[in-house]
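Order of the sequence lines fixes the chain letters, A, B, ..., with proteins taken first and strands second; residue numbering starts at 1 for each chain. No hydrogens, no waters, no symmetry mates; every other heavy atom, side chains included, goes into these values.
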2 protein chains.
Amino acid sequence: MTPTAAERGQETRARLIAAAGHLIVEEGWGAVTTRKLAARAGVRPGLVHYHFGTVTDLLIEASLEALEREVGIVMGLLAQAPPGPLGVELAVTGMAQYSADPASTILTSEMMLAATRNERLRTGLAAVQGKWLQAVAQWLNEHGLTVEPDATALVLGALLDGLVLHRLVDPELAVPVDGPLRRLVGLPEATNRPATP
Amino acid sequence: MTPTAAERGQETRARLIAAAGHLIVEEGWGAVTTRKLAARAGVRPGLVHYHFGTVTDLLIEASLEALEREVGIVMGLLAQAPPGPLGVELAVTGMAQYSADPASTILTSEMMLAATRNERLRTGLAAVQGKWLQAVAQWLNEHGLTVEPDATALVLGALLDGLVLHRLVDPELAVPVDGPLRRLVGLPEATNRPATP
DNA sequence: TGAGGTATTGGGCAAACGCCCAAGGCGAAT
DNA sequence: ATTCGCCTTGGGCGTTTGCCCAATACCTCA
């Protein structure tokens, strides 16, 4: 019943990776330190450099893992959308009101900036980004949006991050963006808009 | 002819602010240190804390100053665009091919993330952002784009940053985004597209 | 039961960190 | 000529950093 040494090791690794994901968002990529990681994971500082060569190695592995999980979740949601333009409609209006937990956007932005200064992270991030782009383009295509699905997917992805980032700075900035988004994906103008309190 | 002490002081201040602007982009907000700043500015380390209370104070002042200068430049360019939809057309296609020096986008993103963790920076950044938004919305309106100029300006600004950031990670990602951008601002589809080699 | 392997402990090292300050330099004002 | 005020020097304070390592605990398997 007691876990083996190897199992405890995997548990410690996982705790450190989870701690890294939180700390990057809360303190910023460059402010995550060996001791903060250990404290957050509830382990001794020496373990950080037993399981990972450098702090940067841990940050890269943790952030890529978190991002891939996030992408998987969003793609799962997209897959549940109704077929045809109605699905796009729902997804777009959902995105327009997107004001959920900004942690994933902060993490993504931190990764992009860190990727500017680390080639290995840049490569890994580009791979995830490409996969996401291709999947969304195909999703758009399958939902009847056949005009430039690739370009539209790129713009949509970039827009999502940029929008959340801007709102983060000024939460008062609650301008509804349904209209521009609808035009972007080629949907007709909304005829009846529900009253927003 | 020899500068007074006060004049030399202003020169030193300016050199430190310029150094901070470069270092934030090159090393990341959290990795800018007293000694790196002094070395980059060509002054002694002690001077940093003579002219600025803390390193963070210097970073905030430098980044806000750089961003305001950048916004001023872009708005000057917009002011030179021809009137009417033709001006929007030129500006949009120019933005679509925007792949200029990404330093300003990196700086802006670093500021947004740092603003998450510093209320004073958040306030200052929100002010600049609001000014930019209002100016672009008015510009769009004056150029005949009267449908939701505020929302469109917000989407446009967020999109600019997001696009550059994504391209930074994957420079191969050279999908032309003219089409989605044209739809976004409500321009008709382009009829004759020049061949791109 | 003893050997072998993995995970963990706890301490430590050199370097870099933010910030501080007494002493001195040097035009400007008196 | 002397005082005044700002800027600069050079060094140093205590803390924190990334990374390392000998010793130990504990499970597994022969």
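- Here the P atom of nucleotide dC19(D) and the CG atom of L59(A) are 10 Å apart, to the nearest Å.
- Counting to the nearest Å, the C1' atom of dA7(C) and the CZ atom of R15(A) are 15 Å from each other.
- The distance between atom CG of L47(A) and atom C1' of dC20(D), rounded to the nearest whole Å, is 14 Å.
- Proximity of Y50(A) to the phosphate of dT8(C): no side-chain N or O atom is located under 4.0 Å from OP1 or OP2.
- Closest approach to the H51(A) side chain among dT8(C), dG18(C), dG10(D) is made by dT8(C) (side chain taken as heavy atoms from C-beta onward).
- Residue T12(A) places at least one side-chain N or O closer than 4.0 Å to OP1 or OP2 of dT8(C).
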For this session: Evaluate the side chain to side chain donor-acceptor pair (under 3.5 Å) criterion for residues R183(B) and T152(A): first the C-alpha distance (whole Å), next the side-chain angles of each, then the deciding distance (0.1 Å), finally the verdict.
Result: CA-CA 10 Å; R183(B) 289 198 297 278; T152(A) 304; 3.2 Å; yes
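- The side chain of R35(A) lies closest to dG18(D) when the candidates are dC19(C), dG18(D), dT9(C).
- H166(A) places a side-chain N or O within 3.5 Å of a backbone atom of G162(A) that can act as its donor or acceptor partner.
- Salt bridge status for R117(A) with E26(B): absent, with no side-chain N to carboxylate O gap under 4.0 Å.
- L86(A) and W139(A) are assigned to two separate hydrophobic clusters, defined by single-linkage of ILVMFWY side chains at heavy-atom distances under 4.5 Å.
- In the set dC17(C), dT6(C), dC19(C), dC17(C) carries the atom at the smallest distance from any side-chain atom of K36(B).
- T33(A) has a side-chain polar atom (N or O) that falls below the 4.0 Å cut-off from OP1 or OP2 of dT17(D).
- Atom CG of L16(B) and atom P of dG18(C) are 13 Å apart (whole Å).
- Nucleotide dG11(D) holds its P atom 19 Å from the NE2 atom of H49(B), rounded to whole Å.
- Rounded to whole Å, atom P of dG18(D) lies 12 Å from atom CG of L23(A).
- Residue Q10(A) contributes atom CD, which lies 19 Å from atom P of dG5(C) at whole-angstrom precision.
- If you find the closest nucleotide of DNA chain C to P45(A) and to G53(B), the one lying nearer the 5' end belongs to P45(A).
- Of the side-chain N and O atoms in T34(A), none sit less than 4.0 angstrom from OP1 or OP2 of dT17(D).
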### Task
Take Q138(B) and Q134(B) through the side chain to side chain donor-acceptor pair (under 3.5 Å) test and state the conclusion after the steps.
CA-CA 6 Å; Q138(B) 184 185 340; Q134(B) 191 182 346; 5.6 Å; no
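- The side chain of R44(A) contributes an N or O atom lying less than 4.0 Å from OP1 or OP2 of dG10(C).
- Comparing G46(B) and V32(A) by the nucleotide of DNA chain D whose heavy atom lies nearest to each, the residue mapping closer to the 5' end is G46(B).
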